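These values consider heavy atoms only, across backbone and side chains, with no hydrogens, waters or symmetry-generated copies. The shown structure was predicted, so the numbers you read here are calculated from the model rather than taken from an experiment. Positions are given from 1, in the same order as the sequence printed here.
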Amino acid sequence: MTSGTASGTAALQERRYRILVTGYAISSYGTFLNVVALSLYVYAVTDRALAVGVFMAVRLAAGFVAGLAAAAVLARWSAKGVMFWANVAQAAALLLLVLAPDGFRTGTLFAVSAVVGASGTLFMVTLRSSIPDMVGEGRHTWANSLMVSGRSMAMVAGFASSGVVVSLLGYTAAFLVDMATFLVCALTVLLLPMPMGPARGNERGNEGKDSQGKDVEDVGDVEDGQGSQEEEGADGQGRRRDGRRRVPAALVALGAVPVLGLMVALRGIDALGSSSHNAALPVYSTELDADNPAVFVSVFWCVWALGNVLVQQVLQRYTKRTGRSVGALGFGLGTIAMSGTFILAFAGLPWAATVVIALLAGAADGLTEVSYTSHLQTLPSPLRTHAFGLSATVENLGFGVGMIVVAAALDVFTPLSVVGVAHGAAIVLALVYVARVLRGRGEAQVEEPREGEEAQEAVPGSEAREGKQGDQGEGESGAGPARGGHRDGAEVSGG
């Protein structure tokens with residue numbers, strides 16, 4: 001392929017991805033608008049605060065289940081089809097809510113909660129795991145930064161306009177606006193140059209292929225850490241013909257990449273920490289100004305989003321200049337910084353200091369999001385979807401459990417103490433994680449070059465996703481171990 005053709009293809013990929021991110025940002029605006037509108041509507045229809053909590057619990061539970069099922073869904077259907085129908089399903093659920101008779105609105109609300117929770121999770125798992133195929137090698141950080149920037153700005157716009165839309169136009173208008181945003185996102189998905197029908201991996205002849213059509217090892221069955229392509233026995237009880245057990249692919253994903261299990265666990269504790277500051281902000285804001293409690297919350301999230309967007313610009317320039325991503329270490333350090341700044345936000349500091357803290361919290365949050373997503377995207381295609389699905393499940397579990405525990409704790413303890421404990425737990429686990437990553441880097445440095453090469457082969461497809469980019473000058477994580485660099489991707493040995 002000539003350089004002109006390659007650059008033209010890359011430009012086309014980038015243009016279509018930008019269109020998709022625009023659609024995703026628009027649907028994210030509708031999502032955050034709906035978070036407020038639906039919660040208020042549940043309370044207006046049921047007149048019970050408990051119903052609002054149950055509504056959120058149903059949404060999180062549906063997302064939890066969808067995370068577990070995401071890999072199986074994507075094994076049968078193409079990424080484009082899943083993303084398209086996930087948006088259409090959410091739009092249809094909102095239309096059903098608008099058209100529902102008075103006597104059926106309560107039941108319809110909880111059905112909408114389940115559909116929105118499951119479809120939203122499926123869309124995000126599919127989008128994150130498909131980004132390497134959409135933008136090509138070496139562009140992961142740029143693509144993730146663009147996605148996070150769009151969502152951050154949409155969050156501010158959605159929260160900021162929700163009160164105006166609901167109070168001036170009413171609930172029906174808010175739901176119709178949200179429905180329209182999902183349809184717009186579905187249209188942008190249709191522009192992607194990907195098949196819409198069932199996934200080709202469904203066919204027997206395509207098993208063992210990654211998204212680029214290259215051969216990869218079957219990761220569904222393992223024994224003692226090694227993959228195997230033997231079939232299950234005819235008894236269908238999860239055992240293979242030789243009596244060995246089938247290991248879930250999600251567990252294979254955790255074992256395939258050093259520290260990935262600890263990384264996902266940290267993500268779950270981080271979600272618990274996020275539930276603490278989300279629940280504590282309204283309480284703390286009311287304590288600061290009982291007459292205008294929305295002021296602090298609005299200012300905090302606006303400044304937070306600004307910090308999030310600014311750090312994406314820094315990350316994109318850093319990656320373009322150095323050819324490296326912040327990697328796994330950046331995720332750990334970013335989590336420590338994010339949790340620390342969120343604790344300080346409730347310390348009763350002056351407004352000027354709190355604004356700076358909110359800016360830093362947003363920047364650290366953006367750093368962790370991009371580094372975490374980019375790290376998981378270094379996995380080969382068969383493992384990547386399982387890892388993102390498992391991650392979504394853990395995050396929903398952490399946030400859901402956190403909302404229950406934190407809500408109860410805030411009735412007894414101060415917002416600072418509740419947030420301090422939740423985010424303090426994240427800091428402790430992040431310190432363990434950072435120490436593990438640094439130890440792994442040190443072990444990788446002292447290994448013989450041949451051993452480093454063998455370690456890269458431990459995860460099939462990793463060279464195609466990361467290593468070859470070093471020769472092109474655009475690799476996301478730069479030089480690999482054999483070139484004297486540090487890689488935090490799927491092929492790190494001893495990390």
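A donor-acceptor contact shorter than 3.5 Å is absent between the side chain of S152 and the backbone of A305. For the pair Y41 (side chain) and N34 (backbone), a donor-acceptor distance under 3.5 Å is absent. With T393 contributing its side chain and G389 its backbone, the two residues share a donor-acceptor pair below 3.5 Å. T121 contributes no side-chain N or O that, together with a main-chain N or O of G67, makes up a donor-acceptor pair within less than 3.5 Å. Between the side chain of R384 and the backbone N or O of S129, at least one donor-acceptor pair lies under 3.5 Å. Put simply, the side chain of T286 gets close to the backbone of P282: a donor and an acceptor are under 3.5 Å apart. Distance alone, capped at 3.5 Å, is enough to place a donor-acceptor pair between the N396 side chain and the A392 backbone. Using modelled atom types, no side-chain atom of S119 and backbone atom of V116 make a donor-acceptor pair closer than 3.5 Å. One N or O on the side chain of S276 and one on the backbone of G273 form a donor-acceptor pair closer than 3.5 Å. In terms of modelled atom types and a separation under 3.5 Å, the side chain of N87 and the main chain of M83 share a donor-acceptor contact.
Taking both residues in full, the closest heavy atoms of A93 and V112 are given as O-CG2, 3.3 Å, listed atom of the first, atom of the second, then distance. The two residues G330 and L367 have their closest heavy-atom pair at O-CD2, 3.9 Å. Annotation for V418 and A409: closest pair CG2-CB, 3.9 Å, computed over non-hydrogen atoms. Contact detail for F55 and S113: the closest heavy-atom pair is O-OG, 2.8 Å. Heavy atoms only, all atoms of each residue included: F346 and P415 are closest at CD2-CB, 4.0 Å. Nearest heavy atom pair, residue M338 against residue A361, reads CG-O, 4.2 Å.
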- Task: Show your working on side chain to side chain contact (heavy atoms under 4.5 Å, CB included) between T188 and T22 and close with a plain yes or no.
- Result: CA-CA 8 Å; T188 62; T22 301; 5.8 Å; no
- Query: Under the side-chain hydrogen bond (donor to acceptor under 3.5 Å, both in side chains) criterion, do T335 and Y372 qualify, and how do the steps go?
  - Reply: CA-CA 10 Å; T335 300; Y372 180 78; over 6 Å; no
- Task: Please assess W304 against F342 for the test side chain to side chain contact (heavy atoms under 4.5 Å, CB included), listing each intermediate value before the final yes or no.
- Result: CA-CA 10 Å; W304 173 93; F342 270 119; 3.8 Å; yes
- Please assess Y17 against L146 for the test side chain to side chain contact (heavy atoms under 4.5 Å, CB included), listing each intermediate value before the final yes or no. CA-CA 9 Å; Y17 181 74; L146 192 65; 4.0 Å; yes
- Message: Go through it in stages, so that I can follow the logic: the residues are F64 and L60, the test is side chain to side chain contact (heavy atoms under 4.5 Å, CB included), and I'd like the CA-CA distance, side-chain angles, deciding distance and then a yes or no.
- Response: CA-CA 6 Å; F64 177 90; L60 289 169; over 6 Å; no
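Under the 6.0 Å cut-off for aromatic ring centres, W301 and F32 do not qualify, their centroids lying 6.0 Å or more apart.
Counting heavy atoms from C-beta on, the side chains of M124 and M147 come closer than 4.5 Å. Counting only heavy atoms from C-beta outward, the side chains of L344 and L360 never approach each other to under 4.5 Å. A heavy-atom distance below 4.5 Å is found between the side chains of L20 and L127. Side-chain contact between V406 and H277 is absent, with no heavy-atom pair separated by less than 4.5 Å. The side-chain heavy atoms of E287 and T414, taken from C-beta on, include no pair separated by under 4.5 Å. Taking 4.5 Å as the limit, some side-chain heavy atom of L376 sits within range of a side-chain heavy atom of F388. Side-chain contact between V437 and F331: absent, with no pair of heavy atoms (C-beta onward) separated by less than 4.5 Å.
The distance from the CZ atom of F123 to the CD atom of Q90 is 8.5 Å, given to the nearest 0.5 Å. A distance of 10.0 Å separates CG in D270 from CG in L429, rounded to the nearest 0.5 Å. Summarising the geometry, atom CG belonging to N144 is positioned 10.0 Å from atom CG belonging to L315; distances are rounded to the nearest 0.5 Å. Note that OG1 of T354 is 6.0 Å distant from OH of Y284, once rounded to the nearest 0.5 Å. In this structure, OG in S339 is found 5.0 Å from NE2 in H423, a value given to the nearest 0.5 Å. In this structure, CH2 in W142 is found 13.5 Å from CZ in R317, a value given to the nearest 0.5 Å.
A donor-acceptor pair shorter than 3.5 Å can be found between the side chains of T181 and D178. No donor-acceptor contact under 3.5 angstrom links the side chains of T373 and Q377, judged on distance only.
Surrounding CZ of F110 are more than 12 heavy atoms belonging to other residues, nucleotides or ligands, all under 6.0 Å away.
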